[in-house]
Amino acid sequence: MKITVLTLFPEMVKCFTSESILKRAQEKGILEVRVKNLSDWGRGKWKKVDDTPYGGGAGMVFRVDVVVGAIKELKHKNKKAKVILLTPQGEKYDQKRVQMLSQEEELILVCGHYEGFDERIRDYVDMEISIGDYVLTGGEIAAAVIVDSVARLLPGVLGKEESHQDDSFSEGLLEYPHYTRPEEYEGKKVPEVLRGGNHKEIAKWRKEKSEVRTNERRPDLT
Ligand code: 6GU
């Protein structure tokens with residue numbers, strides 16, 4: 001899968017995508033992350049990407065000709081690439097959407113900054129996503145969230161050790177509790193059933209714990 005990130009701050013995005021599992025996924029050829037600097041499409045000597053808003057008000061607005069120019073050039077090579085605008089006004093990101101995006105051939109993530117995008121840019125994108133109900137200074141962290149969450153679902157990215165089969169949310173439930181050695185710590189013991197080796201009993205226990213935890217912490221998921 002290919003993911004292109006369009007941003008004014010390429011280093012912010014590269015810093016997340018060049019370590020650990022994302023680094024390995026790229027080395028294995030499963031994931032290709034390209035980070036493009038929006039300034040390359042800027043206007044004039046100063047490579048201007050933004051301007052003051054019509055009607056007045058605080059902050060700067062991304063220019064439609066700059067952003068759409070970049071989108072058109074990036075999309076030219078692959079018409080099937082899905083263009084996603086990252087703003088707090090988008091549809092809320094969740095694991096269902098992660099699964100949906102992981103089926104795509106290519107994503108182009110456009111990071112916002114300042115007051116926002118010229119409204120006309122919205123006519124040239126396939127989707128608008130927000131990663132939650134809070135405001136970030138820019139879309140770069142949101143882009144990192146999307147690259148990370150999508151990459152870990154691609155076949156071959158996670159080893160058996162890090163499998164996503166039992167993830168929280170994968171069955172619409174939160175994960176069951178995990179334990180490892182030592183068997184006892186300050187009087188707190190590992191539940192008996194997990195030490196018994198009865199796989200059927202263990203599976204039943206885990207399912208129950210998942211359900212109880214989901215009901216207690218996230219009744220909205222059920
Ligand atoms: Cl995608 N961008 C910004 N700037 N803030 C956000 C966001 C995105 N999602 C939640 N808050």
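Counting convention: from 1, in listed order, for ligands and their atoms alike.
For Lys82 and Asp126, the salt-bridge test fails: no basic side-chain N is under 4.0 Å from an acidic carboxylate O. Salt-bridge formation is not detected for the pair Asp94/Lys96: no Lys NZ or Arg NE/NH1/NH2 atom is positioned less than 4.0 Å from an Asp or Glu carboxylate oxygen.
Counting heavy atoms under 4.0 Å from ligand 1, residue Ala142 touches it through the side chain alone. Counting heavy atoms under 4.0 Å from ligand 1, residue Thr87 touches it through the backbone alone.
The two atoms that bring Ser210 and Leu173 nearest to each other are CB-CD1, 4.1 Å, heavy atoms only. Here the closest non-hydrogen pair linking Asp40 and Lys47 is O-NZ, 4.3 Å.
Atom 9 (N) of ligand 1 has its closest protein heavy atom at Ile131 N, 2.9 Å. Given atom 4 (N) of ligand 1, the protein heavy atom at minimum distance is Leu136 O, 3.1 Å. The nearest protein atom to atom 11 (N) of ligand 1, hydrogens excluded, is given as Tyr134 O, 2.5 Å; this is a heavy-atom distance.
Ligand 1 has no nitrogen or oxygen under 3.5 angstrom from a nitrogen or oxygen of Gly139. When only interatomic distances are considered, the shortest N/O to N/O separation between Thr137 and ligand 1 does not fall below 3.5 Å.
The ligand atoms of ligand 1 that sit less than 4.0 angstrom from a heavy atom of Ile129 are 1 (Cl). The atoms of ligand 1 that sit less than 4.0 Å from any heavy atom of Ser130 are 9 (N), 10 (C).
Hydrophobic cluster membership is shared by Leu154 and Val145, with clusters built from Ile, Leu, Val, Met, Phe, Trp and Tyr side chains linked at under 4.5 angstrom.
Residue contact annotation: Gly132 has a non-hydrogen atom under 4.0 Å from ligand 1.
With hydrogens and angles ignored, the 3.5 Å screen pairs a side-chain donor or acceptor of Asn37 with a backbone N or O of Ser39. In terms of modelled atom types and a separation under 3.5 Å, the side chain of Gln26 and the main chain of Leu22 share a donor-acceptor contact.
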